[in-house]
Amino acid sequence: MNYEQARFNMIEQQIRPWEVLDSQVLSLLAVVKREDFVPPAMRALAFADMEIPLGTKPGQCMLAPKVEARVLQDLAVQKHEKVLEIGAGSGYMAALLAHRAQQVITLEIDPDLAQLARDNLKKAGVYNAEVRTGDGAAKLGQAVAGSDPLSGPFDVIVLSGSVADVPPALLAMLKIGGRLSAIVGFEPVMRATLVTRVGDAAFRTTQGWDTVAPRLLHFPEPSKFNF
């Protein structure tokens, strides 16, 4: 398989048509080798327009390339910024974020996936991304209680999966000017949601595009029906 041609096709045929036109994002996707973060048995599908399974449990997957690229474009991460990701998976998104940020902390609830992410990041020569094994939802409660601040606050927070609503505890971990990206809602249509902290208790929310993604585990799941 010609990986470079497949990578080029992914960028030109999937990602550009999905309104990802930021030259820095496109260049990054050409540099970070996605195939090195895909399970060996799935390597031939590394550049396919699909979620790639990572384990035996439901929801363990790499998001589709165009979704990862659009999130990166929305966040516009800068070199001085500190990033928190919830849902490390294989470490690919953390690698992309690390190339643009000063530091990345990424949480992964599954110990096997956390170790996979560590190994993949090390092989890729990414040393400013730290993988921590833990339940992102539980860590939020500890952070609010003051027992585990996760070394915050953060300039950027990324949820690499979907939630029913953005937890207020996450928003409290943003610096003023910080941004949070999450895929919010219920199937069959969810919204890519970007929340910017504009003041001590003020936030600006935009929802720019529709997609779907597997649920992050243990986050609150309110009813999608309002009675």
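Quantities reported herein were computed from a predicted structural model and do not represent experimental measurements. Any value given below was found using the heavy atoms of this structure, including those in side chains, with hydrogens, waters and symmetry copies removed.
The CD atom of E221 lies 10.5 Å from the CG atom of L216; values are rounded to the nearest 0.5 Å. D135 CG to D110 CG: the interatomic distance, rounded to the nearest 0.5 Å, is 11.5 Å. How far CG of D155 is from CG of L75: 11.0 Å, rounded to the nearest 0.5 Å. With rounding to the nearest 0.5 angstrom, the CG atom of L84 is 7.5 Å from the OG1 atom of T106. Interatomic distance, CG of L97 versus CD of E85, reported as 6.0 Å (0.5 Å rounding). Remark: F47 CZ to I11 CD1 distance equals 9.0 Å, nearest 0.5 Å.
Linking ILVMFWY residues whenever their side-chain heavy atoms come closer than 4.5 Å, directly or via other members, leaves L171 and V198 in distinct clusters. L194 and V189 fall into different hydrophobic clusters, where Ile, Leu, Val, Met, Phe, Trp and Tyr are joined by side-chain heavy atoms under 4.5 Å apart, directly or via other members. Transitive grouping of hydrophobic side chains (ILVMFWY, heavy atoms separated by less than 4.5 Å) keeps V31 and V25 in distinct clusters. No continuous path of hydrophobic side-chain contacts links I176 to M173 [ILVMFWY only; heavy atoms under 4.5 Å]. Cluster membership for V32 and Y127, using ILVMFWY side-chain heavy atoms within less than 4.5 angstrom, is not shared.
Put simply, the side chain of V67 reaches to within 4.5 Å of the side chain of W209, judged on heavy atoms. Proximity of I15 to P65: side-chain heavy atoms (C-beta onward) are separated by under 4.5 Å at one or more points. Proximity of N120 to Y92: side-chain heavy atoms (C-beta onward) are nowhere separated by under 4.5 Å. The closest side-chain heavy-atom distance from R34 to L29 is not below 4.5 Å. Counting heavy atoms from C-beta on, the side chains of M42 and L54 never come closer than 4.5 Å. Between N128 and Q102 the shortest side-chain heavy-atom distance does not fall below 4.5 Å. Counting only heavy atoms from C-beta outward, the side chains of N9 and Q5 approach each other to under 4.5 Å. The shortest side-chain heavy-atom distance between I109 and H218 falls under the 4.5 Å cut-off.
A side-chain donor-acceptor contact under 3.5 Å links Q73 to the backbone of E19. No donor-acceptor pair closer than 3.5 Å links the side chain of S181 to the backbone N or O of V158. Distance alone, capped at 3.5 Å, places no donor-acceptor pair between the S90 side chain and the A117 backbone. Here the side chain of D49 pairs no donor or acceptor atom with the backbone of K66 at under 3.5 angstrom. Proximity of a side-chain donor or acceptor of E108 to a complementary backbone N or O of A88 within less than 3.5 Å is detected. Remark: side-chain polar atoms of Q207 are not paired, donor with acceptor, to backbone N or O of V184 under 3.5 angstrom. Using a distance-only test at 3.5 Å, with no hydrogens or angles considered, no donor-acceptor pair links the side chain of R215 to the main chain of L217.
Shown here for P220 and A164, the closest heavy-atom pair between the two residues is O-CB, 3.9 Å. When all heavy atoms of A6 and M1 are compared, the pair lying nearest together is CB-CE, 3.6 Å. Summarising the geometry of F154 relative to V83, their closest heavy-atom pair is CD2-C, 3.7 Å, with the distance given to 0.1 Å. When all heavy atoms are compared, the tightest approach of E51 to A64 is CG-N, 4.1 Å. The two atoms that bring I52 and A46 nearest to each other are CD1-CA, 3.8 Å, heavy atoms only. Looking at every heavy atom in both residues, K82 comes nearest to P153 through CD-O, 4.3 Å.
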side-chain contact (heavy atoms from CB on, under 4.5 Å) assessment of V104 paired with E130 | CA-CA 6 Å; V104 176; E130 176 190 353; over 6 Å; no
Kindly determine whether F37 and L121 satisfy side-chain contact (heavy atoms from CB on, under 4.5 Å), including the steps that lead there.
-> CA-CA 8 Å; F37 291 84; L121 288 165; 4.2 Å; yes
Show your working on side-chain contact (heavy atoms from CB on, under 4.5 Å) between L170 and L159 and close with a plain yes or no.
-> CA-CA 10 Å; L170 271 180; L159 275 64; 3.5 Å; yes
Test V77 against H99 for side-chain contact (heavy atoms from CB on, under 4.5 Å), laying out the working first.
-> CA-CA 9 Å; V77 179; H99 274 270; over 6 Å; no
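The pair K175-E81 fails the salt-bridge criterion, with no side-chain N (NZ, NE, NH1 or NH2) lying under 4.0 Å from an Asp/Glu carboxylate O. Between K33 and E4 a salt bridge is recorded (basic side-chain N to carboxylate O distance below 4.0 Å).
One side chain, R118 or T133, offers a donor N or O that lies under 3.5 Å from an acceptor on the other.
Of the residues listed (R43, K122, K123), the one engaging D36 in a salt bridge (Lys or Arg N to Asp or Glu O under 4.0 Å) is R43, and it is the only one. Of the residues D74, V156, I157, the one that meets the side-chain contact (heavy atoms from CB on, under 4.5 Å) test with R179 is V156.
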